[in-house]
Amino acid sequence: MIKSILRSVGSVILALAVAFVLIALNELPGYFFHPFPEGFDQNDTEACRAHVAGLPTWLLAAGAAGWGVAVLASVWLATLLGTGRHPAHG
């Protein structure tokens, strides 16, 4: 019983770690292809809105697709590694 609980918790924690890494990797192209300008104040809400409004459409689409892949991969991994492959782990 304890072994199955540990396996379930471990699978969820591992899936969360994988999701974190995949989402961090997904956000990297935005920093390279559309970086913040010099002297940009990230605490200014209007400046952040203007920056996001200027992002290319392909970058937004790639970001949305990357988030979808990260979610799908982490849920699949949690379900695969969880006890009895129960979908509740995902």
Side-chain angles (χ1 to χ4, degrees):
M1 169 100 175
I2 252 330
K3 184 178 177 183
S4 66
I5 291 173
L6 289 176
R7 183 174 176 177
S8 295
V9 171
S11 69
V12 171
I13 290 173
L14 180 64
L16 285 172
V18 167
F20 176 78
V21 169
L22 290 176
I23 289 171
L25 290 174
N26 181 44
E27 297 296 327
L28 280 178
Y31 295 116
F32 292 114
F33 292 116
H34 202 270
F36 291 115
E38 288 293 324
F40 186 80
D41 182 19
Q42 295 182 10
N43 295 322
D44 183 12
T45 306
E46 292 302 319
C48 287
R49 286 182 184 165
H51 180 73
V52 171
L55 289 174
T57 305
W58 69 268
L59 191 60
L60 294 172
W67 273 76
V69 167
V71 169
L72 182 66
S74 62
V75 168
W76 174 79
L77 182 67
T79 303
L80 181 72
L81 296 179
T83 306
R85 295 187 177 178
H86 195 277
H89 297 101

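The chain is numbered in sequence order, starting from 1.
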### Query
Hey, what else clusters with V9 if you join Ile, Leu, Val, Met, Phe, Trp, Tyr whenever side-chain heavy atoms sit under 4.5 Å?
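Once heavy-atom contacts under 4.5 Å are chained together, V9 belongs with M1, I5, I13.
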### L60: hydrophobic cluster co-members (side-chain, 4.5 Å)
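For the cluster that includes L60, the remaining residues are F33, V52, L55, W58, L59.
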### Query
Is the count of non-hydrogen atoms from other residues, nucleotides or ligands lying under 6.0 Å from F20 atom CZ greater than 12?
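Atom CZ in F20 is not packed in, count stays at 12 or less.
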### L72 CG to W67 CH2 distance, which is reported to the nearest 0.5 Å
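Going from CG on L72 over to CH2 on W67, the span is 15.0 Å.
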### Task
First locate atom CZ of F40, then atom NE2 of H51, and finally report the distance between them rounded to the nearest 0.5 Å.
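Spacing of CZ (F40) from NE2 (H51) equals 6.0 Å.
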### Message
Would a single hydrophobic cluster contain both L81 and L22, if residues Ile, Leu, Val, Met, Phe, Trp and Tyr are joined by side-chain heavy-atom contacts under 4.5 Å?
### Response
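Yes, L22 and L81 fall within the same hydrophobic cluster.
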### Query
Is a side-chain N or O of S4 found less than 3.5 angstrom from the main chain of T83, in a donor-acceptor match?
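No, the answer is negative, given that no donor and acceptor are paired below the 3.5 Å cut-off.
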Taking all atoms of both residues into account, what is the closest heavy-atom pair of [X] and [Y], and its distance?
{"X": "H34", "Y": "P56", "answer": "CD2-CD, 3.8 Å"}
{"X": "A15", "Y": "L77", "answer": "CA-CD2, 4.3 Å"}
{"X": "N26", "Y": "G66", "answer": "OD1-CA, 3.4 Å"}

